[in-house]
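This is the structure, below, for whatever I ask next.
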2 protein chains.
Amino acid sequence: MKHKITLKDIARELDVSISTVSKALKNSEEISTDTREKVQAFARLYNYKPNNIAISLKNKRTKNIGVIIPDIVHHFFTTVFRGIEKYANARGYNVIVCVSDESFDKEVINMELLANGSIDGFIMALSAETQMRNDFNHLREVTNQGIPLVLFDRVTEEITCDRVIIDDEAAGREVTQRLLRAGRKRIALFTTESYLNVSAKRESGYRKALEANGIPVNADLILRLPFQFEDEGFSEAFLKRHPEVDAVVCVNEIFAIRGMRLAQQLGRRVPEDISFIGFTDGILSRYSSPSLTTVDQHGEQMGETAAALLIGKVEREYDETDEDNYRTEVIPVTLIERESALLRT
Amino acid sequence: MKHKITLKDIARELDVSISTVSKALKNSEEISTDTREKVQAFARLYNYKPNNIAISLKNKRTKNIGVIIPDIVHHFFTTVFRGIEKYANARGYNVIVCVSDESFDKEVINMELLANGSIDGFIMALSAETQMRNDFNHLREVTNQGIPLVLFDRVTEEITCDRVIIDDEAAGREVTQRLLRAGRKRIALFTTESYLNVSAKRESGYRKALEANGIPVNADLILRLPFQFEDEGFSEAFLKRHPEVDAVVCVNEIFAIRGMRLAQQLGRRVPEDISFIGFTDGILSRYSSPSLTTVDQHGEQMGETAAALLIGKVEREYDETDEDNYRTEVIPVTLIERESALLRT
DNA sequence: TATTAACACGAAACCGTTTTCGCAGTTGAT
DNA sequence: ATCAACTGCGAAAACGGTTTCGTGTTAATA
């Protein structure tokens, strides 16, 4: 095994001091052209590369950013991750990913592990369990240490930090509104348990749209599905129980796809008899039959924005206690109109 | 900003030496019970956590593993990644992900960056461009430095390292064989350009199955699709040109889904008129209409196996020059029978 | 000729740990 | 009383860099 060459090795070989080598490699004016060239030639020859760890220790900067997401096998998070990775990489940062698996404990453990010098900052989406427990001490711990934090999608207001979100309520309102305008009368909502803040906000938008149109919200038309497990027939029972429903707003892609399949199996035509609109523009939406009309959250852009905010903080000096330094970026969404909903009357 | 506490701080406060603090925290017998307790109590109180970077520098071990994959928004790679992350995390390792984006240059740059001390080993799938160029010097560079490397899925024989693969040829043979047994006569193949070794092997299996059944391979029935871009109507033209085709073997999920849609749009019934079998058991396969019969590569298991091999190497002393130390693990595949292919006659 | 400035380089501190080794001071045995 | 062994701790080197501050040599200036 070829031992990796260090400054010390070069210094020994060339019979100069370590400092001289270090400076020569940085092309410091302090070192004579002669020596500089000699050192640089030698370094090139033996393919010298400085040790990242040593530099990190010295600079107290790792050029690593930590990303903690609930799940990686999930199109939305994957897309955001790509945006983060792309932006970070272009600026010389590497990305360490930890998957919390929707577990509070894993989230805490991973954060603490990374917070001890491994990363310069965090980008994360809260796990479901964290949102349910409403316990954010691990986040506070980290920000108190002066480690920059950017939350996206699954965020909380309890922590002073940057945020990248979409306007979930407006989006929920918008899609419901569009269905109403297209003449739909009985609009159902397929959502998750309400502790997920995005779901709660989308639901709130749904409710507001109905109310704004003088339609009373019927709690029976709101179906709360367990989001981690397979739907145990809840949707099917719901669709059978409510033949009058002519449109469904779904808080994610998968609920919509499953719903559509079941509706079709029950002999209902999509979108003629019943329209479906989802959230997240993943491959499923594009390739399902019919293809799904859905809200594109522009995950990649969210990721890039989050990375930009984080790296900005990392590289700039700033006053942590100044609330004005924290921004909440709202990424505009786009409704992708496909086949699963009739929106033009 | 609360400054992170160090050994030095504790030593100063308690008026002992840094060495004493270090030993006390490790519960060394060398230190009196009194001092130990005092130090430990103080450390707990101020929530002392050792600096990972300093430890890495000292130990020359980072507890980070580098993962380089061509694409993260791709179900198979994501699944493998989850397996890696799961296994690694359980053993106290973090995972740094770099996306090569199918580009040779990015792959090289990322590897070189990480190889300078940031990681203890690599797990990777080669980019398409790397496979096309057949240039593996960056891999050789890394292994020469004694950095363990595990290749998965997109591998090469040119490098001495561990590998985790499926038997692509056998799988290609198997699915073709099953279609033949089910009475299909004109079986087409939708594949990528042949420089991707997995595609090449699957094609080889397809050919062998046909030959074994006395059916001449008809090159016209092999459609090579650009895999990075949207299919510009090639599949459609193919299906129109070959109405006699009654089954298609596809080297990935997306080719199969697109093929099915087009076939259906052309008025052909799937699976009655034409059967489709794909590779990769992603969400698309499960939720398409009809659902896709596909080869499950068990990505998560591949990831776990790769991580196990890597961490084994990292933590064990071994002789790099001994070829016997390198293993190629073949993960058994499973054919998931769904609706898109009639396999029982 | 004495002073000074520029030049080229090295010593050493520092980042935060771990670990070896040595050194007092105490204890117990001879 | 002498020596050995043990106890409890600290100094210092090491990991691989960066950076500040000297310092000796040479050449220019008074």
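Residue numbers start from 1 in every chain, and the chains themselves are labelled A, B, ... in the order their sequence lines are given, proteins ahead of strands.
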Shortest side-chain distance from B/Val16, nucleotide among C/dT18, D/dG10, D/dG17: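 My answer, after comparing the listed nucleotides, is D/dG10.
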Return no unless some side-chain N or O of A/Tyr48 is found under 4.0 Å from OP1 or OP2 of D/dG16.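 For D/dG16, neither OP1 nor OP2 has a side-chain N or O of A/Tyr48 closer than 4.0 Å.
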Quick one: CD on B/Glu37 to CD1 on B/Ile31, what's the gap to the nearest 0.5 Å?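 Rounded to the nearest 0.5 Å, the CD-CD1 separation comes out at 13.0 Å.
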Classify A/Lys23 by what it touches in the nucleic acid, base, sugar-phosphate, or nothing, heavy-atom distance under 4.0 Å.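 Base, at least one base atom sits under 4.0 Å.
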What nucleotide, of C/dT17, C/dC9, D/dT18, holds the atom closest to the side chain of A/Leu7?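 It is D/dT18.
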Just by distance, with hydrogens left out, do A/Thr130 and A/Ser127 show a side-chain donor and acceptor under 3.5 Å apart?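 The answer is yes; a qualifying pair exists.
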Any B/Ser32 side-chain nitrogen or oxygen under 4.0 Å from OP1 or OP2 of D/dC9: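 True: B/Ser32 side-chain N/O within range (under 4.0 Å) of D/dC9 OP1/OP2.
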Value in whole Å for how far the P atom of C/dC7 lies from CD1 of A/Ile31: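 Taking CD1 of A/Ile31 and P of C/dC7, I get 13 Å after rounding.
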When the nearest nucleotide of DNA chain C is assigned to B/Ala54 and to A/Thr35 on a heavy-atom basis, which residue is associated with the more 5' position?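 Taking each residue's closest nucleotide, the earlier one in sequence belongs to A/Thr35.
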Between C1' of D/dC15 and CG of B/Asp120, the distance in whole Å: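 Answer to the nearest Å: 15 Å.
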Any chance the side chains of A/Glu300 and A/Thr79 put a donor and an acceptor closer than 3.5 Å?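 No pair is found: no donor N or O on one side chain lies under 3.5 Å from an acceptor on the other.
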Rounded to whole angstrom units, what separation is found between the CD atom of B/Glu37 and the P atom of D/dG8?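 Value for this atom pair: 13 Å.
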Measure the distance from CG on B/Leu57 to C1' on C/dC15 and round it to the nearest whole Å.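 To the nearest whole Å, that distance equals 9 Å.
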Exam field: side chain B/Asn59 to backbone B/Arg61, donor-acceptor pair closer than 3.5 Å: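 Judged by distance alone, no pair lies under 3.5 Å.
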A/Tyr326: ring pair (Phe, Tyr, Trp, His ring centres under 6.0 Å) partners, not counting sequence neighbours: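 Testing A/Tyr326 for ring pair (Phe, Tyr, Trp, His ring centres under 6.0 Å), a comparison that skips the adjacent residues, returns none.
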Find the distance B/Arg61:CZ to C/dT18:C1' and express it as a whole number of Å.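 Atom-to-atom, B/Arg61 to C/dT18, this comes out as 15 Å.
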Side-chain donor/acceptor contact of A/Lys60 with base of C/dG16 under 3.5 Å: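 Donor-acceptor pair under 3.5 Å: no.
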Which label fits A/Tyr46 and A/Phe42: parallel for a plane angle under 30°, tilted from 30 to 60°, or perpendicular past 60°?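 Tilted, since the angle between the ring planes falls between 30° and 60°.
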Nucleotide C/dT17, atom P - distance to NZ of B/Lys4 in whole Å: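 Distance check: B/Lys4 NZ to C/dT17 P gives 9 Å.
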Enumerate the protein-to-nucleotides 12-14 of chain C contacts in which both atoms are nitrogen or oxygen and the separation is below 3.5 Å.
{"residue": "C/dC14", "atom": "O2", "partner": "A/Lys58", "partner atom": "NZ", "Å": "3.3"}

Is it the case that A/Asn89 and B/Lys106 place a side-chain donor and acceptor less than 3.5 Å from each other?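 No, no side-chain donor-acceptor pair sits under 3.5 Å.
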Given D/dT18, C/dT17, D/dG16, identify the nucleotide with an atom nearest to the side chain of B/Thr6.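 Of D/dT18, C/dT17, D/dG16, C/dT17 is nearest to the side chain of B/Thr6.
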Using a distance-only test with no angle check, is there a side-chain donor-acceptor pair under 3.5 angstrom linking B/Arg36 and B/Asn27?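 The answer is yes; a qualifying pair exists.
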Expressed as a whole number of angstroms, how long is the span from A/Ile55:CD1 to D/dC15:P?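 In whole Å, D/dC15 P and A/Ile55 CD1 are 17 Å from each other.
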Side-chain N or O of A/Thr20 versus OP1/OP2 of C/dC9: is the shortest distance under 4.0 Å?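 No, outside the criterion.
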Separation of C/dC15 P from A/Asn51 CG (nearest whole Å):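 After rounding, the reported distance stands at 18 Å.
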B/Glu30, nearest nucleotide to its side chain (from D/dT19, D/dC15, D/dG8):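 Nearest nucleotide to the side chain: D/dG8.
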Upstream residue (5' side of DNA chain D) when B/Asp15 and B/Asn59 are each assigned their closest nucleotide: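 On the 5' side of the pair lies B/Asp15.
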Return no unless some side-chain N or O of A/Ser22 is found under 4.0 Å from OP1 or OP2 of D/dT18.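 For A/Ser22, the contact criterion (side-chain N or O under 4.0 Å from OP1 or OP2 of D/dT18) is met.
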